Amino acid sequence: MPLQALSFSDVPGWRDDDHAAALAAFLRHCGTGSASANPPKTGALGVSGAALVALCDQARAAAETGGSDAARRFFEAAFQPHRIAASGFVTGYFEPEFAGAREADATHRTPLLRKPDTLVALSDATGTQDLPPGLTHAFRDAAGRLVEAPDRGAIMDGALDGRGLELVWLADPVDAFYIHVQGSARIRLDEGGAMRVGYAGKTGHPYSPIGRVMIERGLAEPGTVTMSVLRDWLAENPQEIDGVLRRNRSYIFFREIEDLDPDDGPIGAAGLPLVAGRSLAVDASLHTYGTPVYVSATLPALADGQERRFRRLMIAEDTGSAIVGPARGDIFFGTGEAAGRAAGGVQHAAAMIVLVPREQPGETEPRP
């Protein structure tokens with residue numbers, strides 16, 4: 001997908017952003033060592049991971065100078081903006097917070113499962129043998145053969161029972177499903193304390209939005225089925241829950257996240273805690289983690305229902321099964337109920353502008 005070179009004067013709302021906040025988010029990818037750290041994998045859009053890492057010393061110097069103006073000057077000197085020549089679309093996600101228990105009881109009957117030892121991520125090296133097309137993961141059986149993993153419906157029916165995979169138990173299967181969608185959660189434990197859970201793997205089946213059920217039945221128009229709309233409908237029609245959840249064959253496995261500061265966001269795919277309003281989930285096959293991406297959209301406001309401009313320099317550092325395409329983004333809104341309300345209303349067109357390092361490895365001149 002071509003990138004169209006721009007100047008920063010072409011980027012709407014560029015000078016109004018909090019560039020110091022964007023710089024702080026970018027610096028998290030530089031770690032505490034030198035700029036010779038291992039670079040992130042370069043995505044198909046061509047932003048060089050090595051070139052991003054090479055900018056870390058300049059970024060640190062800008063941060064030490066302090067202020068949004070110094071941060072803005074760093075981005076303008078080090079990068080050139082490029083608009084992605086594709087129709088952009090953004091949604092929102094968050095870290096949900098639900099009640100749960102480490103042991104099953106009469107109330108808590110729906111588990112989140114650990115990753116089975118037999119789960120294998122498919123690649124050219126593993127081969128796909130006779131597996132159905134489109135799978136990204138599989139199980140390895142006792143004979144060493146790759147076999148299709150059970151899908152959500154089979155797991156709901158007990159396909160993985162008896163393996164000791166239960167990590168934590170929840171009271172509401174819809175709550176558990178939305179943790180699958182978000183990929184992380186905070187669980188308030190019935191026995192006291194809390195735990196954080198994060199993505200550990202998946203069965204590899206294609207992701208299917210369960211909101212399609214409402215559209216197929218004429219209960220909602222396309223583009224209007226937000227998380228809150230769907231949850232309200234399922235609450236009013238509990239007899240639909242089992243069948244609707246089975247529509248999404250993809251099933252997610254989790255791990256407990258320990259030694260994470262309570263004030264930090266969940267760990268994203270880049271291995272760093274997410275930052276509300278600055279972390280962007282992208283198609284990881286196309287984008288390079290750590291790349292600054294400017295998102296321009298008109299999003300709903302919570303207070304009065306009016307729309308507001310969202311113009312923000314974000315950092316590509318997470319991904320998701322439903323995030324496919326060069327101009328597809330998912331905005332991280334934070335943790336808890338308020339973040340969930342904000343994220344749930346976002347299904348909007350957007351312009352996405354990638355900041356490309358002016359000097360990529362092998363180039364002798366800055367990009368025009």
Side-chain angles (χ1 to χ4, degrees), residues 93-119 149-150 152-203 210 227-228 230-232 234-236 238-239 241-242 244-246 248 250-269 271-276 279 318 320 332-344:
Y93 72 117
F94 71 109
E95 182 187 37
E97 187 172 30
F98 296 120
R102 288 190 183 272
E103 300 293 336
D105 56 31
T107 300
H108 304 95
R109 302 177 60 85
T110 301
L112 300 180
L113 299 184
R114 298 180 180 88
K115 180 179 71 173
D117 292 338
T118 55
L119 184 68
R152 179 177 298 277
I155 293 172
M156 290 169 64
D157 289 337
L160 298 181
D161 288 359
R163 299 194 184 189
L165 299 176
E166 293 81 7
L167 177 65
V168 66
W169 299 80
L170 289 96
D172 186 345
V174 179
D175 289 348
F177 179 83
Y178 274 99
I179 296 175
H180 282 228
V181 173
Q182 303 302 324
S184 62
R186 298 186 195 220
I187 309 296
R188 301 186 305 276
L189 296 172
D190 191 57
E191 54 267 45
M195 68 184 295
R196 308 281 290 273
V197 298
Y199 172 89
K202 58 185 177 181
T203 58
I210 63 174
M227 288 187 292
S228 59
L230 183 57
R231 285 188 71 104
D232 289 346
L234 290 174
E236 294 170 0
Q239 73 281 1
I241 291 174
D242 186 83
V244 168
L245 297 189
R246 292 170 185 266
N248 180 17
S250 175
Y251 189 93
I252 305 300
F253 301 107
F254 293 90
R255 62 189 177 95
E256 183 171 0
I257 307 295
E258 299 179 299
D259 301 323
L260 189 62
D261 190 305
D263 293 331
D264 282 343
I267 301 298
L272 296 169
L274 302 178
V275 178
S279 294
D318 203 8
F332 178 67
F333 278 86
T335 298
E337 184 177 350
R341 289 196 303 269

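Treat the numbers as computed from the prediction; the structure is a model and nothing was measured.
The backbone N or O of Ala101 lies less than 3.5 Å from no partner atom in the side chain of Asp190, so there is not a single donor-acceptor pair. Under the 3.5 Å distance criterion, the side-chain polar atoms of Arg255 are left unmatched by any main-chain donor or acceptor of Gly198. Side chain of Arg114 to backbone of Glu166: a donor-acceptor contact under 3.5 angstrom is found. Judged purely by atom type and a 3.5 angstrom limit, Thr203 uses its side chain to pair as donor or acceptor with the backbone of Tyr251.
Other residues, nucleotides and ligands contribute over 12 non-hydrogen atoms within 6.0 Å of the CZ atom of Arg163. The environment of CD in Glu191 is crowded: more than 12 heavy-atom neighbours from other residues, nucleotides or ligands sit within 6.0 Å. Heavy-atom neighbours of Asp117 CG from other residues, nucleotides or ligands within 6.0 Å: at or below the threshold of 12.
Within the 4.5 Å cutoff, the side chain of Pro266 has no heavy atoms near those of the Ile257 side chain. Considering only heavy atoms from C-beta on, Tyr93 comes within 4.5 Å of Leu274 through its side chain. Contact annotation: the side chain of Leu230 approaches that of Tyr178 to within less than 4.5 Å [non-hydrogen atoms, C-beta and beyond]. Residues Phe98 and Ile179 form a side-chain contact, since some pair of their non-hydrogen atoms from C-beta on lies under 4.5 Å apart. Looking only at side-chain heavy atoms (C-beta outward), Glu256 and Val168 stay at 4.5 Å or farther from each other. Annotation: side chain of Asp172 is in contact with side chain of Arg231 (closest heavy-atom distance under 4.5 Å). Residues Val275 and Asp264 form no side-chain contact, since every pair of their non-hydrogen atoms from C-beta on lies 4.5 Å or further apart. Taking 4.5 Å as the limit, every side-chain heavy atom of Leu112 sits out of range of all side-chain heavy atoms of Phe253.
Between Arg196 and Asp261, no side-chain nitrogen of the basic residue sits less than 4.0 Å from a carboxylate oxygen of the acidic one, so the salt-bridge criterion is not met.
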Using salt bridge (charged side-chain N to carboxylate O under 4.0 Å, His left out), reason through Arg152 and Asp157 one step at a time and then give a plain yes or no.
CA-CA 9 Å; Arg152 179 177 298 277; Asp157 289 337; over 6 Å; no
Could you go through the side chain to side chain contact (heavy atoms under 4.5 Å, CB included) check for Ile241 and Val174 one step at a time?
CA-CA 7 Å; Ile241 291 174; Val174 179; 3.9 Å; yes
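Rounding to the nearest 0.5 Å places CZ of Phe254 at 12.0 Å from NZ of Lys202. The structure places NE2 of His180 at 11.5 Å from OH of Tyr199, a figure rounded to the nearest 0.5 Å. Atom NE2 of residue His108 and atom CG of residue Asp175 lie 10.0 Å apart, to the nearest 0.5 angstrom. Interatomic distance, CG of Leu170 versus OG1 of Thr107, reported as 12.0 Å (0.5 Å rounding). For the atom pair Ser184 OG and Ile252 CD1, the distance stands at 11.5 Å (nearest 0.5 Å). Atom CZ of Arg186 and atom OG1 of Thr335 lie 4.5 Å apart (nearest 0.5 Å).
The two residues Pro116 and Leu165 make their nearest non-hydrogen contact at CG-CD1, 3.9 Å. When every heavy atom of Pro273 is checked against every heavy atom of Leu260, the shortest pair comes out as CG-CD1, 4.1 Å. Between Ala171 and Pro173, the shortest heavy-atom distance links the atoms O-CD, 3.9 Å.
Taking the ring centroids of Phe94 and Phe333, they lie at or beyond the 6.0 Å cut-off.
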